[in-house]
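Reviewing the structure listed below.
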Amino acid sequence: MREGCSGGEAEVVARVTAWFADAARTLPWRSSGVTPWGVLVSEVMLQQTPTARVVPVWEAWMVRWPTPSALAAASPDEVLRAWGRLGYPRRALRLRAAAEAVEERHGGELPETESDLLALPGVGSYTAAAVLAFAYRRRSLVLDVNVRRVLARVDQGVEHPARSETAGERERGWRFVPDDDEQASLWAAASMELGATVCTARSPKCDPCPVAAHCSWRARGYPAWDGPPRVAQSWEGTDRQCRGWIMAALRGSPSPVPLGDLAWPDDVQLARCADSLVADGLAVRHGPRLSLPGFEPVPADSDDEPAVA
DNA sequence: AAAGCGTGGTT
DNA sequence: TAACCAAGCTT
């Protein structure tokens with residue numbers, strides 16, 4: 001008997017992985033021939049961004065910058081424009097920084113250990129584990145929002161996982177991870193897929209669920225969530241919205257944009273957000289104008305600002 | 001360690 | 001229609 005399998009973990013793993021054999025979506029980063037770097041690119045793009053929106057961007061991106069060295073050589077403004085509307089554009093900068101780090105520290109090859117992966121910019125606990133599982137077919141604990149929700153329901157009998165990951169959650173998560181590398185990486189992909197397509201946050205489809213009969217939440221009659229209320233992130237009028245507005249303008253302009261051209265109702269907020277974008281390396285000042293970083297003004301003789309005598 | 005960080009589709 | 005939600009990371 002495998003260690004830690006006192007409950008029905010092995011049965012759940014077997015059923016979910018069998019279901020996955022048929023139900024797996026065909027996603028471009030799952031194709032054979034995709035490099036570990038390609039897997040990492042997909043994982044970073046998928047952080048907080050729906051799969052459907054990532055697909056076309058990933059495909060174009062990998063054609064343009066197939067390797068870490070190619071991306072490291074790209075200029076930030078190109079990278080930010082190619083990132084398009086995926087959101088959280090600092091991920092694009094961090095991905096480029098990760099490419100540079102792979103070049104400098106690992107000779108251009110994505111490292112294969114969890115600690116080396118975690119040391120890359122933009123790579124956290126989830127992404128490192130996902131690369132181990134999906135790129136290297138290695139045993140790891142892949143706990144994303146989908147897997148956490150599946151385990152919350154099947155294992156804990158509650159509708160939602162805790163707001164932030166707990167030690168107990170990781171401990172329980174490991175109980176489901178098969179000893180075998182190949183089976184473990186299959187479980188990682190399959191459990192994520194189940195959460196993404198069947199055991200969804202809003203309206204779970206228990207009918208086609210391969211583990212409905214093993215689900216504690218179902219057995220308990222789907223009790224409503226009685227944990228802490230889940231925070232609703234506001235949007236209207238936030239700095240986030242303002243920053244997004246500025247970034248969209250910068251992406252859409254071939255030349256630096258005067259802040260005054262950005263029709264934003266609050267001048268103070270606009271200035272503050274411009275400052276924060278510059279501080280984050282997402283924008284650069286050219287006198288009173290703003291551009292994406294890496295933008296090269298035509299090297300005329302310093303006509304960016306009116307000459308001061 | 002809680003809060004900040006984009007964007008747009010779904011319910 | 002207004003919330004809710006999405007393959008998280010960083011500070």
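Just so it is clear, the model here is predicted, and its values are computed rather than measured. Each chain gets a letter, A, B and so on, in the order the sequences are listed, and its residues count up from 1.
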What does nucleotides 6-11 of chain C look like as a protein-contact string, B for base, S for sugar-phosphate only, - for none, at under 4.0 angstrom between heavy atoms?
BBBSS-
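Atom CZ of A/Arg85 is surrounded by 12 or fewer heavy atoms from other residues, nucleotides or ligands within 6.0 Å. Annotation for A/Trp19: atom CH2 counts as buried by contact number, over 12 foreign heavy atoms lying within 6.0 Å.
In the hydrophobic clustering (ILVMFWY side chains linked at under 4.5 Å, chained through shared members), A/Trp217 is joined by A/Tyr222.
Applying the 4.0 Å criterion to OP1 and OP2 of B/dG6, one finds that A/Arg85 has every side-chain N and O outside that range. Phosphate contact (OP1/OP2 of B/dT7, side-chain N/O of A/Arg251, threshold under 4.0 Å): present.
Ranked by how close their nearest DNA chain B nucleotide is to the 5' end, A/Ser164 and A/Ser203 are led by A/Ser164.
One interatomic measurement links the two molecules: CZ of A/Arg91 to C1' of B/dG4, which rounds to 14 Å at whole-angstrom precision. In this entry the distance linking CZ of A/Arg148 with C1' of C/dC5 reads 14 Å, nearest Å. Taking atom CE of A/Met45 as the reference point, atom P of B/dG8 lies 16 Å away to the nearest angstrom. Distance A/Trp83 CH2 to B/dG8 C1': 16 Å, rounded to the nearest Å. We find that CZ of A/Arg163 is positioned 9 Å from P of B/dA3, with the value rounded to whole Å. Residue A/Trp235 contributes atom CH2, which lies 14 Å from atom C1' of B/dG9 at whole-angstrom precision.
Between the base of C/dC5 and the side chain of A/Arg202 there is no donor-acceptor pair shorter than 3.5 Å.
Across the C1' atoms, B/dA2 and C/dA7 are found 23 Å apart, a figure rounded to whole Å. The C1' atoms of B/dA1 and C/dC9 are separated by 14 Å, rounded to the nearest whole Å.
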Sequence neighbours excluded and cut-off under 3.5 Å, please list the side-chain donor-acceptor pairs for residues 108-120 of chain A, or say none.
from     : atom 1 : to       : atom 2 : distance (Å)
A/Thr113 : OG1    : A/Asp116 : N      : 3.2
A/Thr113 : OG1    : A/Asp116 : OD2    : 3.2

Please tabulate, for the side chains in residues 69-78 of chain A, all donor-acceptor contacts under 3.5 angstrom to protein atoms that are two or more places apart in sequence or on a different chain.
from    : atom 1 : to      : atom 2 : distance (Å)
A/Ser69 : OG     : A/Thr67 : OG1    : 3.1
A/Ser75 : OG     : A/Asp77 : OD1    : 2.2
A/Glu78 : OE1    : A/Ser75 : N      : 3.0
A/Glu78 : OE2    : A/Arg64 : NH2    : 3.1

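Applying the salt bridge (charged side-chain N to carboxylate O under 4.0 Å, His left out) test to pairs two or more places apart or on separate chains, none has a residue in residues 199-225 of chain A. Residue pairs meeting the salt bridge (charged side-chain N to carboxylate O under 4.0 Å, His left out) criterion with at least one partner in residues 249-269 of chain A, sequence neighbours excluded, do not occur; the list is empty.
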